[in-house]
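Just so you know, residue 1 is the first one in the sequence shown, and it goes up from there. Note that this is a predicted model, so its numbers are computed, not measured.
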Amino acid sequence: MKLKYLLAAAFFATGWAYADACTSLIAGKNATTTGSTMITYAADSHTLYGELYNQPAADHAKGAMRQVIDWDSQRHLGEIPEVEHTYATIGNMNEHGLTISESTWGGRPELAGSGIVDYGSLIYITLQRAKTAREAIDVMTNLVKDYGYASEGESFSIADPNEVWIMELIGKGKDDKGAVWVARRVPDDCISGHANHARIHTFPLDDPNTLYAPDVIEFARKKGYFKGKDKDFDFSKAYAVTDFGALRGCDARVWSYFNKFLPKGEADRWLPWINEAKGEIMPLWVKPAAKLSANDLKWMMRDHFEGTPFDMTTDIGAGPFDVPYRWRPMGYKVDDKEYTHERAIATQQTGFSFVADMNANRHDAMRGILWFGVDDANTCVYVPVFNSTPAAPYELAPGNGDMYNLSWDAMFWVNNYVANQAYNRYSQMIDDIRKVQGAYENELTDAVNAYEKTLTKDVPYDVAQSQLANLTNYSTAKVTKGYKQLGDFLLVKFLDGNIKKQNEDGSFARTPEGIAVQPLFGGYNQRYFESIAKEQGDRLRVKDIKF
C-alpha cells in the first residue's frame, strides 16, 4: 500500500532521506481494555488512492492458477497454483479476523529480492489462505521459499483474535532464492510497533514464541554481515541500514507511541538511540502503564509528536498557523549543512489507515472490526468495517474516483477537501473539524458497542452479517455526506483570511437587516510576527511621523 523506497534514495549525494513510509502499532490482548488484540496501519504514499479492497470467498478447480500483480507498480510478476478454497477478505482483514499490516525498510540494497511474490501480494494471498497468525507466518514464508521474494526488507504485523506477531523479512538477492526472516510473538500484556526500520535485534533461539528461517544467521555470516556467536546475532544490524533517517525518521514514531503510554519520562532513556544511535537500543515491546482502547490507537495514529522534543508545532516550519505538517522534500541544506523535517505518524500523504480490533468473544460476524479511514488519519473519521462485511461501501469502493478524477461521492476526496483547507490555516480550523470528527466517531463507537451487546452468539451468522453490513454502509454514506458539508462550511467561514462570526446554534451571525456582520481577522501567531520583525529589521517598523 504504498512505498517503494524509504531510505534508499537521498536528496543529497552524501545525505539521507525518507520518502513514502508506513506505520504499524500493536497491542496484545492483555494490554487493551476489551481483551482484544489490536494493530494499526497507515498506508502512506503520494500516489495511493484511498479505497477499501475486498475479495469474496471462492472455490477453485484443480490446476487453477493465481496471477501475481505487484501492488506498487501493478506489473504482472507471474502466477502460482491456486488453493482449493480461498477466504473472503475486506481490506487487510479476512473473514476469520486475521489481519496483516506492514512497513518497508529497504535494507541492504544487494538483497533486493528476485522472485514473483511482492510484499503486497504476500499480504493478500496469505489473507485468502490462513485463519490464524501462526498459519499466516507459515503461508508467507513458504510462498517466498517456493516462488521467491520480489520486494525489499519488510516488517509485518500479523494478528488474530488471540495472538499478535511481528515478522521481519528480506530477500537474498539475485543469486539466492527465497528470503531470511524472524518472527516474534508480542507478549499479551505489551505494546509494540514498527515504522520503516527493522525492529527485531537479538532474539532467543529456543523459544516457541520466536520463529526464524533456518539459515538466517548462516546467510548473514556468508555475506559478511555478522561475525560472532549465534546468541549475539542481531537481525536489524545485520540486514537493515541503521542511519539517521532510520532512527529519527522511523524509530522515532514507535518511540512516540511508547512515550505516550509509559509512565512520564520513562521513554526518555531511548532518546540517545533515536538521536545518535547511542545508549540502550529501544526494545521491541514495552508494558504500558494502563490498558489501551481502540480509541487510544485512533488518536495515536493522529500523532505529530505533540509535547515531545520532536513536536512539529514548535519551530518556524509550522508557520503562522502552527501546522504540524511539512511538505516534501523532507531534507534540505543551509550553509552546506544538511537538515530534515520531522516525520510523524500522521502525515498528509496517507492513502488509507485503520485500527484493527480482533476479539474471539464477540459474535463470529464481528470478531474482527476494521476501523477504516482514508486520507490523513489526523482529520479522517474511522468507520466500522467487519470481518463479515461482504463488499466495500460505494463511498470506499475501488473505481469511485481515483488520484486524477475527483468524486464528491468518494470518502477519500471529501476528506481531502476538508484536510487540505486545514493545512493552510490549521490552528484556526482544527477545532471545527474536531467537533464533527469527534461527534461521528463517538456515534459510531456507541453503535458498534450496542451491536456487540445485542448480537449474541445464538444470532444466526447471516442475520448478524446483514445488520453489520447495513451499519457499515449507513455510516460510510453519512460521514461522506457530512464531510462534504464540513468542507463547504470551512470554505464559507474562513473565506479570504477572515473568520465569520457564529451564533450559539452554529449559524452564521447576521445584522438585524440580514447582512453578514463584520468578521474576525485571525491574523497570524506571535512567533510568525517576531520572525518577520527579526528578519526585516526596521523595514516594516511603524515610524512615529507627525505633520
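- Here the side chain of Ser151 pairs a donor or acceptor atom with the backbone of Tyr119 at under 3.5 angstrom.
- The side-chain heavy atoms of Leu455 and Leu468, taken from C-beta on, include a pair separated by under 4.5 Å.
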Practice task
Kindly determine whether Arg221 and Asp230 satisfy salt bridge (Lys or Arg N to Asp or Glu O under 4.0 Å), including the steps that lead there.
Solution key: CA-CA 10 Å; Arg221 282 202 178 95; Asp230 286 3; 2.9 Å; yes
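- The distance from atom CD1 of Ile217 to atom CG of Leu205, rounded to the nearest 0.5 Å, is 5.0 Å.
- Between the Ser407 side chain and the Gly401 main chain, no donor and acceptor come within less than 3.5 Å of each other.
- Salt-bridge check for Glu110 with Lys223: failed, with every basic side-chain N at 4.0 Å or more from each acidic carboxylate O.
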Practice task
Evaluate side-chain hydrogen bond (donor to acceptor under 3.5 Å, both in side chains) for Asn92 paired with Ser101, printing each intermediate quantity in order.
Solution key: CA-CA 7 Å; Asn92 285 47; Ser101 63; over 6 Å; no
Problem - Full working for side chain to side chain contact (heavy atoms under 4.5 Å, CB included) between Glu135 and Asp138 - result: CA-CA 5 Å; Glu135 285 183 14; Asp138 286 341; 5.6 Å; no
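- Using a 4.0 Å cut-off between charged side-chain N and carboxylate O, Glu395 and Lys484 make no salt bridge.
- More than 12 heavy atoms of other residues, nucleotides or ligands sit less than 6.0 Å from atom OH of Tyr461.
- At least one side-chain heavy atom of Lys222 sits less than 4.5 Å from a side-chain heavy atom of Asp176.
- Within the 4.5 Å cutoff, the side chain of Val383 has heavy atoms near those of the Leu396 side chain.
- The distance from the CG atom of Asp402 to the CD atom of Glu51 is 8.5 Å, given to the nearest 0.5 Å.
- With a 4.5 Å cut-off on side-chain heavy atoms, Asp118 and Val68 count as touching.
- The main-chain N or O of Glu82 is never found under 3.5 Å from a side-chain atom of Arg66 such that the two would form a donor-acceptor pair.
- Taking the six-membered ring where the residue is Trp, Trp413 and Tyr49 present tilted rings, their angle falling between 30° and 60°.
- Exactly one residue among Leu292, Ile191, Asp357 makes a side-chain contact (heavy atoms from CB on, under 4.5 Å) with Met38. That residue is Asp357.
- Partners of Tyr417 according to the ring pair (Phe, Tyr, Trp, His ring centres under 6.0 Å) rule, which considers only residues two or more places apart in sequence or in another chain, are Trp408.
- Under the side-chain hydrogen bond (donor to acceptor under 3.5 Å, both in side chains) criterion, Ser466 pairs with no residue, sequence neighbours left out.
- Exactly one residue among Leu127, Thr126, Asn387 makes a side-chain contact (heavy atoms from CB on, under 4.5 Å) with Asn94. That residue is Leu127.
- Remark: Tyr257 OH to Ser24 OG distance equals 9.0 Å, nearest 0.5 Å.
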Practice task
Check the pair Val117, Leu77 against side chain to side chain contact (heavy atoms under 4.5 Å, CB included), reporting the backbone distance first and the verdict last.
Solution key: CA-CA 7 Å; Val117 182; Leu77 298 179; over 6 Å; no
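- A salt bridge does not link Asp160 to Lys29: none of the charged nitrogens lies less than 4.0 Å from a carboxylate oxygen.
- The two atoms that bring Met301 and Leu25 nearest to each other are SD-CD1, 3.9 Å, heavy atoms only.
- Of all non-hydrogen atoms in Arg129 and Pro81, the two that sit nearest each other are NH2-O, 3.0 Å.
- Between Ile137 atom CD1 and Leu169 atom CG the span is 11.0 Å, to the nearest 0.5 Å.
- The backbone N or O of Asp146 sits less than 3.5 Å from a side-chain atom of Lys177, completing a donor-acceptor pair.
- Using modelled atom types, one side-chain atom of Glu441 and one backbone atom of Tyr382 make a donor-acceptor pair closer than 3.5 Å.
- Put simply, CZ on Phe412 and SG on Cys380 are 11.5 Å apart, with the number rounded to the nearest 0.5 Å.
- Using a 4.5 Å cut-off on side-chain heavy atoms (C-beta onward), Met300 and Phe261 make contact.
- A distance-only check finds a donor-acceptor pair linking the side chain of Asn400 to the backbone of Tyr394 [under 3.5 Å].
- Within 6.0 Å of NZ on Lys457 lie more than 12 heavy atoms contributed by other residues, nucleotides or ligands.
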Practice task
Output, in order, the C-alpha distance, side-chain angles, deciding distance and verdict of salt bridge (Lys or Arg N to Asp or Glu O under 4.0 Å) for Asp72 and Arg75.
Solution key: CA-CA 8 Å; Asp72 285 328; Arg75 290 185 300 109; over 6 Å; no
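- Closest non-hydrogen pair, Phe156 versus Glu102, comes out as CD2-CB, 3.8 Å.
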Exercise for the section: Go through Asp375 and Val414 one step at a time and tell me if the side chain to side chain contact (heavy atoms under 4.5 Å, CB included) criterion holds. Expected result: CA-CA 9 Å; Asp375 188 40; Val414 299; over 6 Å; no
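- Atom CD of Glu84 has 12 or fewer neighbouring heavy atoms from other residues, nucleotides or ligands inside a 6.0 Å radius.
- Ring geometry for Tyr53 against Phe352 counts as perpendicular: the plane angle is over 60°, on a 0 to 90° scale with 30° as the lower cut.
- The two atoms that bring Phe258 and Ser192 nearest to each other are CE2-CA, 3.9 Å, heavy atoms only.
- Trp371 is not listed as a side-chain neighbour of Leu297, based on a closest heavy-atom distance of 4.5 Å or more.
- Of the possible polar contacts, none joining the Gln74 side chain to the Ile69 backbone as a donor-acceptor pair under 3.5 Å is found.
- With contacts defined as side-chain heavy-atom distances shorter than 4.5 Å, the pair Val381/Leu444 qualifies.
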Practice task
Kindly indicate, with the supporting measurements, whether the criterion side chain to side chain contact (heavy atoms under 4.5 Å, CB included) is fulfilled by Tyr483 and Met411.
Solution key: CA-CA 8 Å; Tyr483 253 46; Met411 183 177 278; over 6 Å; no
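- The shortest side-chain heavy-atom distance between Trp181 and Met140 does not fall under the 4.5 Å cut-off.
- In this structure, the side chain of Asn359 engages the main chain of Thr34 through a donor-acceptor pair within 3.5 Å.
- Ionic pairing of Asp175 and Lys172 is not present here: no N-O contact between side-chain nitrogen and carboxylate oxygen is shorter than 4.0 angstrom.
- Between Arg343 and Asp44 there is a salt bridge, with a side-chain nitrogen of the basic residue lying less than 4.0 Å from a carboxylate oxygen of the acidic one.
- Side-chain N or O atoms of Gln128 include none that pairs as donor or acceptor with a backbone N or O of Thr86 at under 3.5 Å.
- Few gaps surround CD on Glu443; more than 12 heavy atoms of other groups in view lie less than 6.0 Å from it.
- Formation of a donor-acceptor pair under 3.5 Å by the Thr445 side chain with backbone atoms of Asn442 is not found in this model.
- Aromatic ring centres of Phe235 and Phe203: separated by at least 6.0 Å.
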Practice task
Quick one: do Thr456 and Asp458 satisfy side-chain hydrogen bond (donor to acceptor under 3.5 Å, both in side chains)? Show the steps, please.
Solution key: CA-CA 5 Å; Thr456 57; Asp458 58 339; 2.2 Å; yes
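- Ion pairing of Arg367 with Glu95 is absent here, as no side-chain N (NZ or NE/NH1/NH2) approaches a carboxylate O to less than 4.0 Å.
- Taking CG from Asp234 and NE2 from His201, the interatomic distance works out to 5.5 Å, rounded to the nearest 0.5 Å.
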